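In what follows, chains are A, B, ... by sequence order, proteins preceding strands, each numbered from 1. Remember, predicted model here, so these are calculated numbers, not experimental data.
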2 protein chains.
Amino acid sequence: MSTIKEIAEMAGVSRSTVSRVLNDSGYVSEDARKRVEKVIKETDYMPSVQAKSLRTKKTKVIGVIVPTIRTETSSRLVAGMDHVLAASGYQILLANTNQNREKELEFLQLLKVRQVDGIILAATNTNQALVDKLKALDVPLVVIGQEIDGVSNVLYDDYHAAKDLTQLLIEKEHKRIGFIGVDEKDRAVGYLRKQAFIDTMNQNTINIEKNWIQEAVFDIQSGYRAMERIVHDSNERPTAIFAVTDRLAIGAMQYLKQHNYQVPTDMAIASIGASEVSEHMTPPLTTVDYQNELAGEEAAKLLMHELINQESVSKKVMLGYRLLIRDSV
Amino acid sequence: MSTIKEIAEMAGVSRSTVSRVLNDSGYVSEDARKRVEKVIKETDYMPSVQAKSLRTKKTKVIGVIVPTIRTETSSRLVAGMDHVLAASGYQILLANTNQNREKELEFLQLLKVRQVDGIILAATNTNQALVDKLKALDVPLVVIGQEIDGVSNVLYDDYHAAKDLTQLLIEKEHKRIGFIGVDEKDRAVGYLRKQAFIDTMNQNTINIEKNWIQEAVFDIQSGYRAMERIVHDSNERPTAIFAVTDRLAIGAMQYLKQHNYQVPTDMAIASIGASEVSEHMTPPLTTVDYQNELAGEEAAKLLMHELINQESVSKKVMLGYRLLIRDSV
DNA sequence: AAAATATATGGTATCGATCCCACATTAATC
DNA sequence: GATTAATGTGGGATCGATACCATATATTTT
C-alpha cells in the first residue's frame, strides 16, 4: 500500500498538493490535479484512514449499541440505520450487549475511545447510571426507544399503540382480557405498554384479573409458558390476550393450539411488533407495526443532522404506528 | 481526553515507560508502574486507538460482509461471530451488501483500507471477480457458505442436507415432488441444493415434472407466488414440496392454506433453515437446522486462529446439520 | 575485581495523513 | 505601473501512540 509521500513524488508535486486533490480543498491547478489523479488511479492508492483520523478526529464510523442482534426488531433497526448512514459514507461499528445493562455503559466508553463520529443506542432501560453516562459522553448521540431528557430520541408511541390495541379488543366485545408483559425496568416495552393497558381497562370500567397478567422475557418459549400460567392459575379463562411483543404472542398461540383452543373464537390475541411471520401465522396475527426500519432511518438522519450542523440541542422524534387488524381478534 | 505525554509528565516518567505499562512489555520497575497506573486511573486516561493503529497496523476490528441484515440467518451468523470476537476484544465493523454483488467487491476494498485485522464474508456467489479479489486482498479472511479454493471456508453441507431432505420425502411415499429454489449463481443455496434434489430423484428413478420446479427470490412473497405457479402451471399437482429456505416454505404454506389445501395431507412441505418460527407454524415445519450461530462462531474462531498463528494456509470446516422432522411431512 | 548479563529508563524517529504558514506567481483594481 | 487580491505550491509541525537504540545502574557469572 503506497503512501501520500510516494504519490507526491510520482506526480512531481508536494504531499500538500496531493492532500488538496484528495480533499478537494484549497487551490490546485488543473495541470497538477490531473497528474495527481492519474498517479492515484494507476497505483490504486487509498489514503490511510488511521492517519487521517488521527489528524482530523473524524472516523466516518458510527457506533451502534443494540440489546441483541438476533431479533427482527434489532436487525431491522440496524438495516434502517445502515441505509441512511451508508449513503453518507459512514459505516457501522456494532456493539451487542446481549441484554446486559452493564455492557451498555462499557460500550459507550469503548465506542468513544474508538473515536466514532456518533453513537446510536437502542436502549432497554433508563436508569440513572446510563443517563449520567450519556450526558457526560460528549459524542453526538441518538437514543432509540426510551425517552431520556437532554439527549436526542427517536420514540415509539408505546402508550398510545398499546391503548389502541386494548381498545380494539374491548370493541370486539371482550370483557376478560389477559396481558403478557415484560420487566417494567424496560420503561417503554415493560412499563408504558402495561400502563396503557391498565388505564384503558379502567377507563372502560373493566375488571382486571390479576392472574391474567403475566410477566415474561423476550422469547417465544416464555410466551408459551406465560399463556400456560394464565390458563392454569385461575378457574376462569380470559377471552382475549394482549402480548407486548409478537414473539410472546406466537408462543401464546402455540400453547393455545396445542391445547385445542381456537383463535380467535376461544381466545383472541393481539400484540405489538409486526414481525414478518405475524402475517403468515394461522390465523394471521393482529399486531402493531412500529416500522423499525423507519425508526433506524430516523435515528440515523437525526444523527447525521447533528453531525453536519454541529448543534447539540436535543431533539425528539415521535414515530407513528399502524394497527394491523388481522384474523386473530 | 489526555495523551500519553501528559500521563508521562504527571507520573514523572517518560512516554516510553507509560507505553510499557500500557502494553505490559519490556522492563518497568514496580515503583514506576504503580505511579503510572495511579495517574491512569485518576485521569481515566485511555490511549488513542487511531494513534496506536497507525503505528502498529492493528485495529482490533473485524470487517463482516453480509448480503442482508434483515434475515434470521444473517443475524444469527453475526451473533455467533460477535460472541467469539468480543471475547478476544474485537469489534465488528458491519458491511451490508443488500444482495448486490458489486458491493461485495467494494466493501472488501473499503474494509482493507480501514485496516481491519480480518474479514469474514458471508458470500452469495463464487464468480471470478470475487475470487480474484479475495486472493489479491492480503488480509486474513474467512468465507462462509460458499466454497472458494485458496481461502478459508466454513461450509454448510448443502448437498447432503438437501439430499437427506429429498430422501425423507421419498420415504414418506411421495412420488410427485415439487421444488422451489433460487438463482443458481448462488452456488450453495441455488445450485447445490437443486442438484442434490435432482440427483436423489434420479437415484430413486422418480420422474421430475418441469412445471413443479420453480425459481424464486429470498422472501416469503416469492415463495407464495412460486407455489401459485406450481398449482396453476400444470394439470396435476405434486404431493410434496421441497423449498430451499424456510421463508419460501412459509410463503408456500400460506398459499396452500388460503386455497384450502391441507398440510401435510394434501401437500407435504419441507425446507432448510430452522428459523425460529418454523417450529411454531401450523403445522410445524420440517426443516434442516444449519446452526448459523455455530457457523458464525466457527468462522470467527478460524479467523482468530489465523491471526494468532500468522499462518496463511487455508482451512475448510464442513459443518454438520440436523434434520428436524416435524408435522409438515 | 573484571566481564557479562539483566533490569530500568529516556530520547528520537516513525506511522501517514492534514493544517498552517511562507512564499511565488498571476490576475484584478485603482 | 504600483498595490492589492486571487491562485498555486511546498515545507515543517502536528495528531498520539509504539519501536528501536543508547545509556545507566543493578546483579550474576567467571
Side-chain angles (χ1 to χ4, degrees), chain A residues 1-40 43-61 89 109-110 112-117 139, chain B residues 1-40 43-61 89 109-117 138-139:
Chain A
M1 210 55 120
S2 42
T3 73
I4 198 172
K5 198 177 156 206
E6 289 161 25
I7 302 298
E9 281 162 10
M10 290 171 75
V13 296
S14 71
R15 291 168 318 171
S16 307
T17 300
V18 177
S19 177
R20 278 182 209 112
V21 172
L22 287 171
N23 297 288
D24 215 2
S25 63
Y27 295 112
V28 180
S29 66
E30 202 47 41
D31 179 50
R33 158 165 278 120
K34 276 201 179 124
R35 277 189 350 256
V36 170
E37 278 168 352
K38 184 156 172 281
V39 174
I40 288 177
T43 55
D44 277 328
Y45 164 73
M46 303 233 67
S48 151
V49 289
Q50 334 291 332
K52 184 170 179 142
S53 301
L54 178 59
R55 191 72 244 251
T56 61
K57 307 292 166 209
K58 298 264 170 292
T59 53
K60 283 277 177 180
V61 171
Q109 184 62 41
L110 178 59
K112 187 198 166 101
V113 169
R114 282 211 187 268
Q115 292 255 24
V116 294
D117 291 346
V139 173
Chain B
M1 213 48 126
S2 42
T3 73
I4 198 171
K5 198 178 157 206
E6 289 161 25
I7 302 299
E9 280 163 8
M10 290 172 75
V13 296
S14 72
R15 289 170 312 168
S16 306
T17 301
V18 177
S19 176
R20 280 183 209 109
V21 172
L22 287 171
N23 297 288
D24 214 2
S25 63
Y27 294 111
V28 181
S29 66
E30 203 45 42
D31 179 51
R33 158 165 279 119
K34 278 202 178 122
R35 278 189 350 256
V36 171
E37 279 169 351
K38 183 156 173 280
V39 174
I40 288 177
T43 55
D44 276 328
Y45 164 73
M46 304 233 68
S48 151
V49 290
Q50 334 291 331
K52 184 172 178 143
S53 300
L54 177 58
R55 190 72 243 248
T56 62
K57 308 290 167 209
K58 298 267 171 290
T59 53
K60 283 278 176 178
V61 170
Q109 183 62 41
L110 178 58
L111 289 174
K112 187 197 166 102
V113 169
R114 282 211 187 268
Q115 290 256 24
V116 294
D117 290 347
D138 193 34
V139 173

NZ/A:K34: more than 12 non-hydrogen atoms of other groups inside 6.0 Å: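 At most 12 heavy atoms, drawn from other residues, nucleotides or ligands, come within 6.0 Å of this atom.
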For [N] and [X] - does any side-chain N or O of the residue sit under 4.0 Å from the phosphate oxygens OP1/OP2?
| X | N | result |
| --- | --- | --- |
| A:S14 | D:dG10 | yes |
| B:T17 | C:dG10 | yes |
| A:T56 | C:dA17 | no |
| A:K57 | D:dG16 | yes |
| B:Y27 | C:dT7 | yes |
| A:S16 | D:dT9 | no |

Figure out the [atom1]/[atom2] separation between [X] and [N], and round it to whole Å.
| X | N | atom1 | atom2 | result |
| --- | --- | --- | --- | --- |
| A:Q50 | C:dG16 | CD | C1' | 10 Å |
| B:I4 | C:dG10 | CD1 | C1' | 13 Å |
| B:Q115 | C:dC15 | CD | P | 13 Å |
| B:N23 | D:dC20 | CG | P | 13 Å |
| A:L54 | C:dT14 | CG | P | 17 Å |
| A:L22 | C:dG16 | CG | P | 15 Å |
| B:D31 | C:dA8 | CG | C1' | 11 Å |
| B:K60 | D:dT18 | NZ | C1' | 16 Å |

Verdict with reasoning, B:L54 to A:R55, per side-chain contact (heavy atoms from CB on, under 4.5 Å): CA-CA 11 Å; B:L54 177 58; A:R55 191 72 244 251; over 6 Å; no
Proximal nucleotide (of D:dC15, C:dT9, D:dG16) relative to the A:R55 side chain: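 The answer is D:dC15, which lies nearest to the side chain.
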Minimum-distance nucleotide to A:R20 side chain [options: C:dA17, D:dT18, D:dG10]: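 Within the option list, the nearest is D:dG10.
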Global bending angle along the helix from C:dA1-D:dT30 to C:dC30-D:dG1, which compares the axes of five pairs at either end, to 10 degrees: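 Here the helix ends are tilted 30° relative to one another.
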B:R20 vs B:S16, side-chain contact (heavy atoms from CB on, under 4.5 Å): CA-CA, chis, key distance, verdict: CA-CA 6 Å; B:R20 280 183 209 109; B:S16 306; 3.7 Å; yes
Sugar-phosphate, base or nothing in reach of A:V49, heavy atoms under 4.0 Å: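 Contact class for A:V49: none.
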Earlier contact from the 5' end, DNA chain C, for A:M46 and B:V28: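 It is B:V28 whose nearest nucleotide is closer to the 5' end.
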Candidate pair B:R114 and B:T59, rule side-chain contact (heavy atoms from CB on, under 4.5 Å), full reasoning: CA-CA 9 Å; B:R114 282 211 187 268; B:T59 53; over 6 Å; no
For [X] versus [Y], what's the shortest heavy-atom pair and its separation?
| X | Y | value |
| --- | --- | --- |
| B:Y45 | B:T3 | CE1-C, 3.7 Å |
| B:M10 | B:V39 | CB-CG1, 3.8 Å |
| A:V113 | B:M46 | CG2-SD, 3.4 Å |

B:A8 backbone acceptor or donor facing B:R15 side chain under 3.5 Å: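 Such a contact is absent between B:R15 side chain and B:A8 backbone.
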